[in-house]
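One structure below.
FYI, the numbering just counts along the sequence from 1. Side-chain atoms are counted along with the backbone in the values below, which use heavy atoms only and exclude waters and symmetry mates. Small disclaimer: the values here were computed from a predicted structure and weren't measured. Order of appearance sets the numbers: ligands from 1, and atoms from 1 within every ligand.
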Amino acid sequence: MKIAILGTGNLGYSIAMGILTQDDFKVKNLYLTKRNIDSLKKWDKLPNIKISTDNKKAVRFSDVIIIAVQPKQLQSVLEEIKPQLNAKRHTIISVVTGRKIEEIESIVGHGISIVRSMPNTAASVGQSMTCLSGNEKGMENVETAKSIFNSVGQTMCIDEKLMQAATVICASGIAFWMRLIRATTQGAVQLGFDAEEAQELSMQTALGAASLLIKSGSHPEQEIDKVTTPSGCTIEGLNEMEHQGLSSSLIRGLVTSFEKINQI
Ligand SMILES: NC(=O)C1=CN([C@@H]2O[C@H](COP(=O)(O)OP(=O)(O)OC[C@H]3O[C@@H](n4cnc5c(N)ncnc54)[C@H](O)[C@@H]3O)[C@@H](O)[C@H]2O)C=CC1
Ligand SMILES: O=C(O)[C@@H]1CCC=N1
């Protein structure tokens, strides 16, 4: 597969990193563009990698075009590459927040295969949760998009109208979970661990909690019941967190984030 990533910033770089460092997925060519390519030069010597500021050339040399620019930059990039697009050959995968498939079609035309996707920066370590939806032709080719994003994590096909919600839960979600890990680390330091140990305890416990649910298929409350000894310390701490609004503040944060997307 020949893939271009137009706009190799934070997210584009994470996707490229994930693709380059996993074993099973074979990419014939990876063409990376951004406006200032200095930060990508270390990859220039790798076989099958091209680094450039030239989006048109990247499209000419690729079959799958991942567009990872900021929302305000999307229109000009689409207008720039439109003359190079070939409906029989190209699939566009947009990771751009808040930009609908119909907005992309209105610029590049309805014949092009378009997949709208929402990965996250954990793609760089093969652990992205990526949601996908597409136009009719995009869904015919969705296996292509799935194979790319399955190589850097897990995928789920969703209705496009849920894409904003997926952005908050999965993409912004990385920041939210980081803050939870940071806060529990700070708590561990206050209780006597040094900073490095505290972060290790916090990270591994978060990974353990997620792994328990993934591997057992159980509900979080079932796992909570197993940990909360009657009259014990866990329920005491948990109830205090809820008195202080833990679940409520998380849900309100997600909803506030969701409302902001509609203004982007
Ligand atoms: N950062 C994240 O975790 C996530 C970001 N997104 C979305 O992905 C998109 C990219 O986000 P980031 O990577 O955070 O932004 P960024 O600003 O780090 O990256 C955008 C890149 O596009 C490049 N660029 C701008 N105009 C260009 C052009 N005409 N041709 C080629 N490259 C150009 C810039 O040089 C920059 O490197 C945004 O739409 C964002 O909403 C989606 C999910 C997660
Ligand atoms: O903060 C943002 O707007 C983008 C979308 C999800 C992650 N970063």
Side-chain angles (χ1 to χ4, degrees), residues 3-19 30-44 50-62 65-85 92-101 103-104 107-108 114-133 145 148-149 152-156 158 160 162-179 253-264:
I3 301 174
I5 300 180
L6 309 186
T8 314
N10 289 310
L11 184 60
Y13 187 93
S14 301
I15 297 168
M17 187 81 164
I19 289 173
L30 188 57
Y31 218 115
L32 306 176
T33 77
K34 67 185 293 199
R35 283 179 303 198
N36 179 346
I37 56 173
D38 287 352
S39 62
L40 302 177
K41 285 224 164 107
K42 60 183 174 203
W43 282 344
D44 217 6
K50 293 253 184 313
I51 310 294
S52 174
T53 55
D54 190 338
N55 292 325
K56 291 184 195 152
K57 208 166 167 192
V59 171
R60 278 202 301 280
F61 280 92
S62 307
I65 317 298
I66 299 176
I67 303 186
V69 294
Q70 297 283 350
K72 61 181 180 303
Q73 297 155 342
L74 178 65
Q75 184 176 344
S76 64
V77 169
L78 289 173
E79 282 165 357
E80 182 190 357
I81 64 170
K82 184 181 173 185
Q84 316 297 322
L85 290 172
I92 290 181
I93 300 179
S94 167
V95 303
V96 177
T97 299
R99 293 292 174 265
K100 294 187 182 135
I101 291 168
E103 293 177 69
I104 300 173
I107 300 171
V108 301
I114 299 167
V115 175
R116 182 175 168 193
S117 72
M118 192 44 62
N120 65 38
T121 50
S124 63
V125 291
Q127 290 294 342
S128 177
M129 180 66 238
T130 304
C131 289
L132 301 165
S133 54
I148 295 170
F149 289 110
V152 296
Q154 305 288 322
T155 55
M156 187 186 287
I158 62 170
E160 195 192 3
L162 285 171
M163 201 47 95
Q164 319 279 64
T167 304
V168 169
I169 307 297
C170 305
S172 309
I174 292 289
F176 303 148
W177 283 103
M178 287 298 170
R179 188 54 65 81
L254 295 176
V255 173
T256 303
S257 189
F258 177 78
E259 284 163 357
K260 172 69 185 173
I261 292 192
N262 295 317
Q263 298 158 27
I264 289 177

### Leu30 side chain near Trp43 side chain, heavy-atom distance below 4.5 Å
no
### Task
Among all protein heavy atoms, pick the one closest to atom 13 (O) of ligand 1 and tell me residue, atom and distance.
Leu11 N, 2.8 Å
### Task
Compute the shortest N/O to N/O distance between Gln70 and ligand 1 and return yes if it is under 3.5 Å, no if not.
yes
### Message
So which atom in Ser117 and which in Thr130 form the shortest heavy-atom distance, rounded to 0.1 Å?
### Response
CB-CG2, 4.3 Å
### Query
For atom NZ of Lys50, is the number of surrounding heavy atoms from other residues, nucleotides or ligands below 6.0 Å larger than 12?
no
### Query
Which atoms from ligand 1 have a heavy atom of Ala68 less than 4.0 Å away?
9 (C), 10 (C), 20 (C)
### Query
Counting only heavy atoms, which portion of Pro119 has something under 4.0 Å from ligand 1: side chain, backbone, both, or neither?
backbone
### Query
Taking atom CD1 of Ile93 and atom CG of Leu132, what is their separation to the nearest 0.5 Å?
7.5 Å
### Query
Nearest protein heavy-atom contact for atom 27 (C) of ligand 1: which residue, which atom, what distance?
Arg35 CG, 3.8 Å
### Task
Start with the C-alpha distance between Ile104 and Val96, add both sets of side-chain angles, then the distance that settles side chain to side chain contact (heavy atoms under 4.5 Å, CB included), and finish with yes or no.
CA-CA 10 Å; Ile104 300 173; Val96 177; over 6 Å; no
### Task
Please report the shortest heavy-atom distance between Ala122 and Ile174, naming the atom on each side.
CB-CD1, 4.1 Å
### Message
Taking distance alone, with N or O pairs closer than 3.5 Å, would you say Thr33 contacts ligand 1?
### Response
no
### Message
Checking a contact table here: which protein heavy atom is nearest atom 3 (O) of ligand 1, and how many Å away?
### Response
Thr121 CG2, 3.4 Å
### Summary
Closest to atom 43 (C) of ligand 1 among protein heavy atoms sits Met118 SD, 3.3 Å
### Query
Taking all atoms of both residues into account, what is the closest heavy-atom pair of Ala171 and Pro119, and its distance?
CB-O, 3.7 Å
### Message
To check your reading of the model: name the closest protein heavy atom to atom 3 (O) of ligand 2, its residue, and the distance in Å.
### Response
Ile264 CD1, 4.0 Å
### Message
Applying a heavy-atom cut-off of 4.0 Å, say which part of Lys34 lies close to ligand 1: side chain, backbone, both or neither.
### Response
both
### Summary
In terms of heavy-atom contacts, Ile158 and Ala166 come closest through CD1-CB, 3.9 Å
## Note on the structure
Here the pair of heavy atoms bringing Leu32 nearest to Thr8 is CB-OG1, 3.6 Å
### Message
Give me the residue, atom name and distance of the protein heavy atom closest to atom 23 (C) of ligand 1.
### Response
Gly7 CA, 3.7 Å
### Query
Judging by distance only, is a nitrogen or oxygen of Asn10 under 3.5 angstrom from one on ligand 1?
yes
#### Entry: atom 44 (C) of ligand 1 - nearest protein heavy atom and its distance
Ala171 CB, 3.6 Å
### Query
Are there more than 12 heavy atoms of other residues, nucleotides or ligands under 6.0 Å from atom CZ of Arg60?
yes
### Message
For atom 5 (C) of ligand 2, what's the nearest protein heavy-atom neighbour? Residue, atom name and distance, please.
### Response
Thr97 OG1, 3.2 Å
## Note on the structure
Under 4.0 Å from one or more heavy atoms of Val95, ligand 1 contributes atoms 6 (N), 7 (C), 8 (O), 42 (C)
### Task
Tell me which protein heavy atom sits closest to atom 40 (C) of ligand 1, plus the residue, atom name and distance to 0.1 Å.
Thr97 OG1, 3.5 Å
### Query
What are the atoms of ligand 1, with element, lying closer than 4.0 Å to any heavy atom of Val96?
39 (O)
### Query
In terms of residue, atom name and distance, what is the protein heavy atom nearest to atom 1 (O) of ligand 2?
Ser172 OG, 4.9 Å
### Message
Tell me the closest heavy-atom pair linking Val168 and Leu254, and the distance in Å.
### Response
CG1-O, 3.5 Å
### Query
Among Ile264, Leu162, Thr97, Asn120, which one satisfies side chain to side chain contact (heavy atoms under 4.5 Å, CB included) with Thr167?
Thr97
### Message
Heavy atoms only: which of Thr167, Ile264, Val69 lies closest to atom 9 (C) of ligand 1?
### Response
Val69
### Summary
Thr167 heavy atoms within 4.0 Å reach ligand 2 at atoms 5 (C), 6 (C)
### Task
Return yes when atom CD of Gln154 has more than 12 non-hydrogen atoms of other residues, nucleotides or ligands closer than 6.0 Å, and no otherwise.
no
### Task
Quick one: look up the protein heavy atom nearest atom 36 (C) of ligand 1 and list residue, atom name and how far away it is.
Gly9 CA, 4.1 Å
### Geometric N/O contact Asn55 with ligand 1, under 3.5 angstrom
yes
### Query
Which one holds for Val77 and ligand 1: side chain close, backbone close, both close, or neither close, with close meaning a heavy atom under 4.0 Å?
side chain
### Query
Crowded around Gln73 CD? As in, over 12 foreign heavy atoms under 6.0 Å?
yes
